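One structure below.
This is a predicted model, so every value here is computed, not measured. Reckoned from all heavy atoms, side chains included, excluding hydrogens, waters and symmetry mates.
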Amino acid sequence: MKIGFIGNTNNYPFILAQKLIEEGHEILFIVDEKSTEKLHRPENHVLKIDYPYPDWIKEDLFPINIIRVLFPKIFSKSVIRKLNSCDAVIINGLWHGIKLKLKDTIPSVSVFSGADLDVYASYKNFKHFFFNHPKTKYLPGFILKWLIKEYVNNHRAGIREACCISYFPPGAIPEGDEIIREIFTGKEDQVVRFSHCHVNTENINYTPPPENTPLKILNVARFVWKQPLPPGYNQAEAKGNDIMIHGLALFLKEYKIKLDIHFIEKGIHVDETKMLIKEYGFEDMVTWHKEISFSNFMDFLCSGDIIFEQLGNHIFSGGLYPMLIGRPVIANGRPEIFEKFTGEVSPLCQATTAEDVKVWLGKLINNADYRRDIGIESRKYVLKHFDIKDEALFFAKELRKNILV
């Protein structure tokens with residue numbers, strides 16, 4: 001089966017493509033983001049994919065993707081032609097509406113990574129996004145309103161045509177669940193939904209903890225926390241990074257020891273975070289890094305002793321990677337969702353308040369054996385429940401069932 005891909009948020013679809021190649025499928029993978037968008041380009045995910053790309057990866061660039069998606073007959077002819085050469089397609093990001101322009105015989109899977117459902121399929125959230133986007137906000141209001149309605153209508157219609165969708169487990173993001181119900185009204189019993197939260201486990205091995213002196217603290221959640229979030233954001237996207245800062249401050253005040261804290265400058269509230277740290281007076285312990293590629297990100301994780309993920313009510317999927325290499329992760333793992341999903345209690349260091357953060361740091365900071373034991377159990381847990389290969393195999397099965405000969 002020849003499977004085409006369009007849309008590559010955080011290289012999540014690219015990982016799926018690699019797994020499907022391993023299963024013997026022919027893949028056509030379209031890269032639509034320019035080279036500066038490191039998180040969405042294959043060469044920044046694994047070292048064995050170099051640029052220029054091998055033949056199965058096709059670069060197809062345009063200055064403003066939202067324009068080519070809004071007017072596909074004019075600006076997306078090459079994408080449509082490439083995808084029409086496939087037996088089936090997997091769609092992500094801005095592109096779900098492209099399904100309406102493909103041959104009726106080609107089944108699709110709509111893979112959601114967050115904003116492509118919560119924002120792009122929401123009239124309210126997409127309106128906020130479009131009216132505040134630096135490249136579109138100066139268009140006349142009546143044109144903006146027409147473009148918004150046209151885009152969201154087509155985006156939803158393309159999703160509705162999918163034989164399978166993939167989104168976070170039910171209940172994790174209620175606003176997204178509600179949008180899915182709206183899109184599939186009248187077809188609720190027919191839609192096949194895969195509940196995803198995953199990592200690529202291949203070639204990511206257990207790495208013994210470094211036991212740095214002082215201990216090295218890392219954070220993997222982007223800095224999005226100051227309420228209210230700006231227009232176009234789902235309020236559930238708040239990562240609770242302020243809770244982490246408050247908790248670190250409580251810990252430092254009580255334990256009076258030095259930490260080596262490392263953060264990545266990613267997210268809309270980096271400056272606000274720096275200001276909050278300065279108010280607490282431990283900015284001398286914090287090192288900030290520019291956004292890095294995935295391979296460097298994994299090296300970054302291996303260098304740490306204790307890792308933070310989101311402490312709000314979003315998804316902790318980024319924390320699965322440090323768990324996989326054997327690190328204790330402090331986060332809100334949403335046990336009300338994931339204990340039902342996995343059928344067991346996670347070894348994650350569950351935290352939702354600054355006091356929780358202080359208590360966990362106190363338990364972990366002077367006990368190397370305890371940190372190691374949690375890391376080992378964390379790796380077992382991720383391998384058991386969150387291997388992305390399971391998702392790739394599920395999609396292949398559903399697509400094969402729906403190919404019209």
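- Using a 30° and 60° split on the angle between ring planes, H289 and F300 fall in the perpendicular class, above 60°.
- At a threshold of 4.0 Å, the pair D305-R327 does not count as salt-bridged, since none of the basic side-chain nitrogens sits closer than that to a carboxylate oxygen.
- When side chains are defined from C-beta on, E283 does not count as touching K274, because their heavy atoms never get closer than 4.5 Å.
- Atom-to-atom distance recorded for N8:CG and E37:CD is 11.5 Å, nearest 0.5 angstrom.
- D356 places a side-chain N or O within 3.5 Å of a backbone atom of T353 that can act as its donor or acceptor partner.
- Between Y280 and H246, the distance from one ring center to the other falls under 6.0 angstrom.
- The existence of a salt bridge linking E391 and K19 is excluded, since no basic side-chain nitrogen approaches an acidic carboxylate oxygen closer than 4.0 Å.
- Across every non-hydrogen atom of I91 and S108, the tightest pair is CD1-CB, 4.1 Å.
- In the model, S113 has a side-chain atom that pairs as donor or acceptor with a side-chain atom of N92 under 3.5 Å.
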Original post:
Yes or no on ring pair (Phe, Tyr, Trp, His ring centres under 6.0 Å) for F316 and F338, after CA distance, side-chain angles and deciding distance?
Top reply: CA-CA 10 Å; F316 75 102; F338 284 93; 5.1 Å; yes

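- Taking the six-membered ring where tryptophan is involved, the planes of Y370 and W360 are essentially parallel, since the angle between them stays under 30° and well short of 60°.
- Counting heavy atoms of neighbouring residues, nucleotides and ligands inside a 6.0 Å radius, atom NZ of K258 exceeds 12 of them.
- Side-chain N/O atoms of H385 and E344 include a donor and acceptor closer than 3.5 Å.
- The residues D284 and K278 are annotated as not salt-bridged, no charged nitrogen and carboxylate oxygen being separated by less than 4.0 angstrom.
- Minimum interatomic distance between R334 and E336 (heavy atoms only, all atoms of both residues): NE-OE2, 2.7 Å.
- Put simply, CG on N241 and CD1 on I277 are 10.0 Å apart, with the number rounded to the nearest 0.5 Å.
- Side chains of H25 and K2: no donor on one and acceptor on the other come within 3.5 Å.
- The two residues N212 and S303 come nearest to each other via the heavy atoms ND2-O, 2.9 Å.
- To the nearest 0.5 Å, atom OG1 of residue T352 and atom CG of residue L311 are 8.0 Å apart.
- In summary, R222 and E237 engage in a salt bridge, as defined by a charged side-chain N under 4.0 Å from a carboxylate O.
- To the nearest 0.5 angstrom, D387 atom CG is 3.5 Å from T201 atom OG1.
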**OP:** List the steps and the verdict of ring pair (Phe, Tyr, Trp, His ring centres under 6.0 Å) for Y12 and H196.
**Re:** CA-CA 11 Å; Y12 159 29; H196 73 234; 5.2 Å; yes

**OP:** Would you please test F112 and F168 for ring pair (Phe, Tyr, Trp, His ring centres under 6.0 Å) and show each step?
**Re:** CA-CA 8 Å; F112 306 127; F168 301 114; 9.6 Å; no

Original post:
Can you check side-chain contact (heavy atoms from CB on, under 4.5 Å) on L324 and Y206, steps first, answer last?
Top reply: CA-CA 7 Å; L324 185 62; Y206 174 80; over 6 Å; no

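- The heavy-atom pair separating V286 from F263 by the smallest distance is CG1-CD1, 3.8 Å.
- Residue-environment remark: NZ (K127) stays at or below the threshold of 12 foreign heavy atoms within 6.0 Å.
- Ion pairing between a basic and an acidic side chain is recognised when a charged N comes within 4.0 Å of a carboxylate O; E211 and R371 show no such pairing.
- Salt-bridge annotation for D32 and R41: absent, with no side-chain N of the basic residue lying under 4.0 Å from a carboxylate O of the acidic one.
- Remark: K401 NZ is packed, more than 12 non-hydrogen atoms of other residues, nucleotides or ligands lying under 6.0 Å away.
- Contact detail for A121 and I159: the closest heavy-atom pair is CB-CD1, 4.3 Å.
- In this structure, I30 CD1 and W95 CH2 are separated by 7.5 Å, a value rounded to the nearest 0.5 Å.
- Each of N154, L147, I148 was checked for a side chain to side chain contact (heavy atoms under 4.5 Å, CB included) with L70, and the lone residue meeting it is L147.
- Defined by atom type and a distance below 3.5 Å, a donor-acceptor pair is present between the side-chain atoms of N153 and Y123.
- Side chains of N219 and M244 form a contact here, defined as non-hydrogen atoms less than 4.5 Å apart.
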Subject >> Working for side-chain contact (heavy atoms from CB on, under 4.5 Å), residues I165 and F194 >> reply: CA-CA 6 Å; I165 64 170; F194 185 91; over 6 Å; no

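- Here CD1 of I330 is found 4.0 Å from CZ of F308. Values are rounded to the nearest 0.5 Å.
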Subject >> From CA spacing to verdict: side-chain contact (heavy atoms from CB on, under 4.5 Å), H96, R156 >> reply: CA-CA 8 Å; H96 296 277; R156 286 187 168 210; over 6 Å; no

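- A donor-acceptor pair shorter than 3.5 Å cannot be found between the side chains of N125 and D118.
- Side-chain contact check for D260 and H262: at least one donor-acceptor pair (N or O, by modelled atom type) lies under 3.5 Å.
- Nearest heavy atoms, P170 versus I337: O-CD1, 3.9 Å.
- Side-chain contact annotation: E43 with Y53, donor-acceptor N/O pair under 3.5 Å present.
- Atom NZ of K290 has 12 or fewer heavy atoms from other residues, nucleotides or ligands within 6.0 Å.
- A donor-acceptor contact closer than 3.5 angstrom links the side chains of Q350 and N332.
- The local environment of NZ in K389 is sparse, with at most 12 non-hydrogen atoms from other residues, nucleotides or ligands closer than 6.0 Å.
- Between the side chains of N84 and K101, not a single donor N or O lies within less than 3.5 Å of an accepting N or O.
- Using a 4.5 Å cut-off on side-chain heavy atoms (C-beta onward), E272 and L276 make no contact.
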Subject >> Full working for side-chain contact (heavy atoms from CB on, under 4.5 Å) between I3 and E26 >> reply: CA-CA 6 Å; I3 305 173; E26 181 183 355; over 6 Å; no

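- By the 4.5 Å heavy-atom criterion applied to side chains, D87 and I106 are not counted as neighbours.
- K358 has a carboxylate O that lies under 4.0 Å from a charged side-chain N of E254, or vice versa, which qualifies the two as a salt bridge.
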